[in-house]
Amino acid sequence: MVSTFPSASADLSRVRQDILSLHPQIIEWRRLIHQKPELGFKEEITSEFISQKLSEWGIEHQTGIAKTGIVATIKGSKSASDRRVLAIRADMDALPIQELNQVSYCSQHDGVMHACGHDGHTAIALGTAKYLQEHRDRFAGTVKFIFQPAEEGPGGAKPMIEAGVLKNPDVDAIIGLHLWNNLPLGTVGVRAGALMAAVESFHCTILGKGGHGAIPHQTVDSVVVAAQVVNALQTIVARNVNPIDSAVVTVGELHAGTKGNVIADTARMSGTVRYFNLELKGFIQQRVEQVIAGICQSQGASYDLEYWGLYPPTINDAEMAELVQSVAAEVVETPLGIVPECQTMGGEDMSYFLQEVPGCYFFLGSANPQKDLAYPHHHPRFDFDETALAMGVEIFVRCVEKYLNS
Ligand code: NI
């Protein structure tokens with residue numbers, strides 16, 4: 001267990017010393033949560049654990065928001081002319097994956113695993129809450145903790161916002177982080193503007209006319225139509241989207257037919273669409289339908305299309321990104337530690353919070369190949385370097401002090 005930072009400067013500040021003395025407990029909470037992973041909206045043991053800890057520390061909180069969500073508030077006692085509210089968001093859910101790690105804190109729930117690091121996000125938020133509760137004299141204003149269910153889908157952020165978690169007291173800004181094995185420990189991925197992509201999905205059934213494989217002229221071959229559709233959908237990104245903007249159209253599923261000498265009556269496909277630029281909202285959807293309709297019409301087939309949006313793009317406010325960046329630079333090794341080239345076409349429902357209030361979502365590097373802790377997120381052997389837990393707490397704490405005291 002590493003208890004020092006890779007950047008361990010000779011002069012550890014008071015904040016860092018306090019957090020490092022809390023670090024073993026944060027690791028313990030993370031491991032307890034890791035052993036009891038729960039799927040979205042079923043985070044009951046996790047939620048109970050969080051509530052119990054908050055009560056133990058005397059932190060005011062409300063449970064059962066959007067089923068398993070929790071909101072906690074801590075008021076600073078430092079005086080300031082302007083008392084603001086900063087929210088810190090952590091997601092709590094796990095994934096339907098059988099863990100293959102052989103560690104003492106392995107998942108005890110068959111087929112469910114914290115394979116994305118949300119156990120770490122919850123532990124970091126808890127560590128931050130404990131630290132701030134014990135050092136209320138060091139900040140002004142209010143910190144609101146939002147423990148959110150179901151980030152992996154169908155999404156707990158939206159129902160929590162609808163339940164009013166950003167109101168009373170009204171949140172002025174929000175921050176959140178994702179432990180990130182695509183970045184090494186000791187780095188922070190942070191940038192203004194789009195960090196993660198919008199996520200949209202579709203299902204399409206091509207309705208042809210089946211028949212004998214040797215008598216194609218009596219049929220409408222749904223396999224031939226589907227093949228053209230899959231190819232033509234690729235031209236949306238290649239030919240219709242401005243090449244300066246990034247977008248993805250992926251058909252990840254295609255099913256048709258039962259036998260080599262039988263022409264399939266129908267073909268089913270499903271796919272995912274990603275983009276950063278909000279101006280593309282609606283445009284790609286329209287092009288997907290036009291492409292499918294045009295090809296089907298030319299081939300005498302018809303179709304059934306379902307298309308829906310999941311999460312909007314995750315877009316950071318420039319000033320809040322600047323705040324996180326300046327704070328992170330004190331915690332990780334600079335200049336190499338701050339990585340602005342960290343965009344991903346993955347999606348996040350933190351995006352809903354960022355549509356409501358200015359904020360910043362960032363990636364906290366957590367991979368350590370030397371300790372074999374570098375498997376990608378959602379892999380059955382995903383795990384991360386727990387040194388990142390203390391770094392996450394320090395970044396949050398310093399953001400709170402800098403944002404609320406200024
Ligand atoms: Ni995740």
[X] and [Y]: side-chain donor and acceptor closer than 3.5 Å?
X    : Y    : value
D383 : N101 : no
R287 : Q290 : yes
T387 : D385 : yes

Looking at every heavy atom in both [X] and [Y], which two are closest together, and how far apart are they?
X    : Y    : answer
V327 : I395 : CG1-O, 3.5 Å
L179 : G117 : CD1-O, 3.6 Å
L373 : N181 : O-ND2, 4.0 Å
L54  : A129 : CD2-CB, 4.3 Å
L95  : C116 : CD1-CB, 4.0 Å
I175 : M350 : C-CE, 3.8 Å

Please list, chain by chain and in numerical order, all residues satisfying salt bridge (charged side-chain N to carboxylate O under 4.0 Å, His left out) with R83, sequence neighbours excluded.
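Partners of R83 by the salt bridge (charged side-chain N to carboxylate O under 4.0 Å, His left out) criterion come out as none, since no residue qualifies.
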Kindly indicate whether the side chain of [X], heavy atoms from C-beta on, has any atom under 4.5 Å from the side chain of [Y].
X    : Y    : value
V248 : V237 : no
S326 : K402 : yes
K75  : P169 : no
F49  : L32  : yes

[X] side chain vs [Y] backbone, donor-acceptor pair below 3.5 Å:
X    : Y    : answer
N231 : V229 : no
Q133 : G58  : yes
D93  : E152 : yes
K144 : K167 : yes
T272 : T250 : no
S107 : M113 : no
H255 : E253 : no
D317 : C360 : no
S366 : W180 : yes

Salt bridge check, K53 against E56: does any charged N sit closer than 4.0 Å to a carboxylate O?
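Salt bridge: yes.
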Would you call D91-R89 a salt bridge at under 4.0 Å N-O?
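Answer for the salt bridge query: yes.
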ring-ring contact (aromatic ring centres under 6.0 Å, His included): which pairs involve residues 383-406, sequence neighbours left out?
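Every candidate ring-ring contact (aromatic ring centres under 6.0 Å, His included) pair involving residues 383-406 fails, so no pair, neighbours aside, qualifies.
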Selection residues 68-119 - residue pairs positive for ring-ring contact (aromatic ring centres under 6.0 Å, His included), sequence neighbours left out
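Residue pairs passing ring-ring contact (aromatic ring centres under 6.0 Å, His included), neighbours aside: H34-Y105, H118-H121, H118-H178.
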Which donor-acceptor pairs under 3.5 Å do side chains of residues 36-45 form with protein atoms, sequence neighbours excluded?
residue	atom	partner	partner atom	Å
K36	NZ	Q108	OE1	2.9
E38	OE1	E44	N	3.4
E38	OE1	I45	N	3.2
E38	OE1	T46	N	2.8
E38	OE1	T46	OG1	2.5
E38	OE2	E44	N	3.1
E38	OE2	I45	N	2.8
E43	OE1	F41	N	2.9
E43	OE1	T68	OG1	2.6
E43	OE2	F41	N	3.3
E43	OE2	A150	N	2.8

Sequence-distant partners of D18, side chain to side chain donor-acceptor pair (under 3.5 Å), two or more places apart
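Partners of D18 under the side chain to side chain donor-acceptor pair (under 3.5 Å) test: H135, R138.
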If you round to the nearest 0.5 Å, how far is [atom2] of [Y] from [atom1] of [X]?
X    : Y    : atom1 : atom2 : answer
M269 : L254 : CE    : CG    : 5.5 Å
L323 : S406 : CG    : OG    : 8.0 Å
E28  : L389 : CD    : CG    : 12.5 Å
I161 : E356 : CD1   : CD    : 5.0 Å

Quick check: are there more than 12 heavy atoms from other residues, nucleotides or ligands sitting under 6.0 Å from CD of Q52?
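Above 12, so yes.
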Name each donor-acceptor pair under 3.5 Å that joins a side chain in residues 187-209 to protein atoms two or more places apart or in another chain, with its distance.
residue	atom	partner	partner atom	Å
T187	OG1	P184	O	2.6
R191	NE	P340	O	3.2
R191	NH1	A194	O	2.7
E200	OE1	Y307	OH	2.6
E200	OE2	Y275	OH	2.6
K209	NZ	Q218	O	3.4

